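First up is the structure itself, then whatever we jot down about it.
Please read these numbers as outputs of a predicted model, since none were measured by experiment.
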Amino acid sequence: MKNRKSLLTLALTICFFSNYVNSQKKDNAIQPNIIIFYADDLGWQDTELNNLNEPTPWETPNILKLANESVNFTNAYSPAPSCAPSRCAMLTGLHPAKTGITHVAGGRIPDTKYSTHISPFYPLGLSPEHFTIAEALKMNGYKTGHVGKWHMGDLKIQKSTNQGFDFAFESRGAHQGSKKPNNRLTNFATYSDKDPYRLSDEKYPPFTKNSPKGISYPKDDVTEKALEFIDKSKEEPFFLYLAHWMVHYPIHTKNRELLQYYCDKLGVDFPKEDIPMSSEGQTNPYYGSMVTTLDWSLGRIVEYLKKTEDPRNPGKKLFETTYIIFSSDNGGTERHGKEIITDNYPLDKGKQFNQEGGIRVPMLISGPNIAKASTYNGLMNQLDLFPTILNITNTKIPAKYSSDFDGLDISGVLINNESVILNKNGKPREDLWWHFPHNRDSQMQSAIRSGDYKLYKNLIDGSYELYRLYKDGKRYDLEEKNDISKQDTQVTQNLSAKLEKYLKDYKAQYPYKNPLEKKDYLGKENAIYVPKIIKDVFDSKTNRATVELERGKSKINDGYALIKVQDKIRKKSNEKKAKTKSTYLKIPINTNEAGLSFSFKVPKEAKEYCIVLIDENQFIIKSKLNNINEL
């Protein structure tokens, strides 16, 4: 059972590491700036980059302009099919199975909602033991800023400013939804000086019949704060992680003129009431407005870089000395409730699925010495960004961090026009893999992409599916309609062996079986042999919690304790009392020789605790949730 730092130790680590980073001498050498422009839920088919079948109706002129200065990675993937694990993986260079953060909203006691199985425990977000791109660059003289969505932990020790960022602005900007009684049709921006989202005097695309010189856009504080950070930081090398809230739900726009434009383009009436958009395909005018607004934001950033001199490099504009990485945290969300948002077709499925529609993402990288308007069709993962950024910025970090990376340095492809991405042994990359043990039974899958093939392991029954996406360099079954696992048995065998090795080496957590579940297929399992807890005690003198199991039942293979910790959030002037943020942390437990008694010393920070045990058949046994104040 892996050792975990206590909350107190994590807090002490923060203090030490912060002082260590701030003590580093700044490097006076000219170093390139880095901007990661990270969209939220933007699908591979939602921009004009990778149009397949019918072109998308959403207009993204600034993304296309940037593509003319970039390498377009057509087979780029996010580390996970949902938000938090992708962000944590990208910023640390560690696979979600290694960070343990495999889905959003972690730090909870394992329970079931959508499945007969119970998803394994996973942390809320990053902790100080994780080492981020921001910490690495800050260590080497960079000013670091985060603007937009964090979503990698709510506790104070998990804040972005405790993960290497000098500056943080994390409000929603123009993505802020309306508050009742207002709705998405009564909350459009105006030209009033009192409007926090005041429409711009400047005009931007699209060009309409009524506005041939362009339209105005609502003020977006996410964009403005990003520009402010760049402007104040340009005297030094800077790293900006611009994590947009768009195009995540809620699906709305404050730009009435842009919404009207898409209604006209799609041939639909302007909405008269705020009801879900339910037409199939890419036909939601609210969503189109959000995609184009995201594109507008990118255009503002690039425009500023192109017109602003680099004070560290006379004679050059900031755009010439800045690497821009544009991508998304996962594939597009096709539906939310009754609202149809987008369509990832011909890619299968969408967000929270390991199918192509859930993990394949747009990816552009521009910057010094990068070939313009070029395309790379090989496999690439956002895990590659950390080691690549280290190389192109000549950043040195402790070997204990760099040796643990799960991504590869792709600077050879970016700068030297190499045709393959090489691993640490100098051999071409062969595969990428994913692990998502959450949600419904059909979503609980691991997957591996190797060359033309994609193989899935269904975590509920252990079966495999195999699809051939390409053949002889051409699209073949990109829709993943034809399972050929029974026909191509050798490929199935080879890829399943690779995937199983990854899962074993990374100690990937599988869904737990619920001993209380009455579904027929679980009747074959030895649920009757799952041991019951016969003793659950807490010794207040020693702070030790102990559970004992009945004899003669199945063996316990794994176990841990979950303790609840919380922070008080500063009380606002209009609030009666301070709010709290809380999460459960996973800590190790001890067992006796007979494997029937399990105990641990409850840390003084803990508010609640429970003990979780997993038997040899993957059934979960949970003690009751104990409130320390009541014991």
Side-chain angles (χ1 to χ4, degrees), residues 1-14 98-102 106-111 118-130 153 155 157-158 507-515 530-551 553-567 580-631:
M1 299 171 192
K2 188 177 179 181
N3 184 37
R4 297 286 184 188
K5 296 180 181 178
S6 70
L7 182 66
L8 181 60
T9 304
L10 295 181
L12 291 174
T13 304
I14 278 283
K98 187 178 287 182
T99 65
I101 305 159
T102 48
R108 300 178 181 181
I109 294 175
D111 205 349
I118 297 175
S119 294
F121 175 83
Y122 57 100
L124 175 66
L126 296 178
S127 60
E129 63 187 358
H130 293 116
L155 299 182
I157 62 169
Q158 297 176 308
K507 298 180 175 61
Q509 298 295 302
Y510 285 75
Y512 307 135
K513 295 173 184 175
N514 185 353
V530 176
K532 294 180 181 179
I533 295 174
I534 58 174
K535 186 177 181 180
D536 185 351
V537 296
F538 175 74
D539 186 336
S540 58
K541 294 181 179 179
T542 62
N543 268 25
R544 183 160 290 277
T546 303
V547 298
E548 290 186 10
L549 302 181
E550 61 181 332
R551 294 180 178 274
K553 298 293 184 176
S554 55
K555 177 185 174 184
I556 299 301
N557 277 358
D558 192 14
Y560 53 86
L562 294 176
I563 62 167
K564 183 179 182 179
V565 296
Q566 63 186 34
D567 286 335
T580 60
K581 294 285 187 180
S582 63
T583 188
Y584 286 92
L585 299 178
K586 183 178 181 180
I587 62 175
I589 58 177
N590 300 312
T591 182
N592 65 0
E593 290 184 7
L596 295 175
S597 178
F598 303 86
S599 65
F600 77 106
K601 187 172 183 178
V602 182
K604 62 181 180 181
E605 306 98 317
K607 306 298 179 183
E608 298 173 345
Y609 78 86
C610 77
I611 291 177
V612 178
L613 304 172
I614 312 300
D615 84 349
E616 57 190 331
N617 296 312
Q618 200 63 15
F619 282 102
I620 185 172
I621 304 106
K622 293 184 290 184
S623 74
K624 65 178 181 291
L625 182 61
N626 293 282
N627 187 317
I628 300 298
N629 294 328
E630 297 175 356
L631 297 174

[atom1] of [X] to [atom2] of [Y]: how many Å apart, nearest 0.5 Å?
| X | Y | atom1 | atom2 | result |
| --- | --- | --- | --- | --- |
| Ile621 | Ile533 | CD1 | CD1 | 7.5 Å |
| Leu596 | Leu549 | CG | CG | 6.0 Å |
| Leu562 | Ile109 | CG | CD1 | 6.0 Å |
| Asn617 | Tyr512 | CG | OH | 15.0 Å |
| Gln566 | Tyr584 | CD | OH | 10.0 Å |
| Asn557 | Ile614 | CG | CD1 | 9.5 Å |

What pair of heavy atoms forms the shortest contact from [X] to [Y], and how long is it?
| X | Y | answer |
| --- | --- | --- |
| Ile589 | Gly559 | CD1-C, 3.7 Å |
| Glu608 | Leu625 | OE1-CD2, 3.5 Å |
| Gln618 | Pro511 | CG-O, 3.3 Å |
| Leu126 | Ile101 | N-CD1, 4.0 Å |
| Ala606 | Ile628 | O-CG1, 3.7 Å |
| Ile563 | Ile587 | CG2-CD1, 3.8 Å |

Donor-acceptor pair, distance only, cut-off 3.5 Å: does the side chain of [X] make one with the backbone of [Y]?
| X | Y | value |
| --- | --- | --- |
| Gln509 | Lys507 | yes |
| Thr591 | Ser597 | yes |
| Glu550 | Lys532 | yes |
| Ser623 | Ile611 | yes |
| Glu616 | Lys555 | yes |

Quiz item: Of the options Pro515, Ser554, Pro531, which is the one that meets Phe619 in a side chain to side chain contact (heavy atoms under 4.5 Å, CB included)?
Solution: Pro515
Quiz item: Considering the options Gln158, Arg108, Lys581, which one meets the side chain to side chain contact (heavy atoms under 4.5 Å, CB included) requirement together with Leu124?
Solution: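 Exactly one pass, corresponding to Gln158.
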Self-check item: ring-ring contact (aromatic ring centres under 6.0 Å, His included) involving Tyr122 - partner list, sequence neighbours excluded
Solution: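 Once residues adjacent in sequence are excluded, the partners of Tyr122 under the ring-ring contact (aromatic ring centres under 6.0 Å, His included) criterion are His438.
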Self-check item: With sequence neighbours excluded, residues passing salt bridge (charged side-chain N to carboxylate O under 4.0 Å, His left out) with Asp536
Solution: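 Testing Asp536 for salt bridge (charged side-chain N to carboxylate O under 4.0 Å, His left out), a comparison that skips the adjacent residues, returns Lys624.
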Self-check item: Cation-pi, Phe121 ring and Lys586 (6.0 angstrom, 45 degrees)
Solution: no
Quiz item: Heavy-atom distance under 4.5 Å between the side chains of Phe598 and Asn592, does that happen here?
Solution: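 No, too far: nothing below the 4.5 Å cut-off.
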Practice problem: Answer yes or no: is there a side-chain heavy-atom contact under 4.5 Å between Lys622 and Cys610? | Solution: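 Answer no - side chains too far apart.
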Self-check item: Trace of the side chain to side chain contact (heavy atoms under 4.5 Å, CB included) decision for Ser582 with Lys564
Solution: CA-CA 7 Å; Ser582 63; Lys564 183 179 182 179; 3.5 Å; yes
Exercise. Please lay out, stage by stage, how Leu613 and Asp558 fare under the test side chain to side chain contact (heavy atoms under 4.5 Å, CB included).
Key: CA-CA 6 Å; Leu613 304 172; Asp558 192 14; over 6 Å; no
Quiz prompt | Verdict with reasoning, Lys607 to Val565, per side chain to side chain contact (heavy atoms under 4.5 Å, CB included) | solution = CA-CA 6 Å; Lys607 306 298 179 183; Val565 296; over 6 Å; no
Quiz item: Going by the angle between their ring planes, with limits at 30° and 60°, are Phe600 and Tyr609 parallel, tilted or perpendicular?
Solution: perpendicular
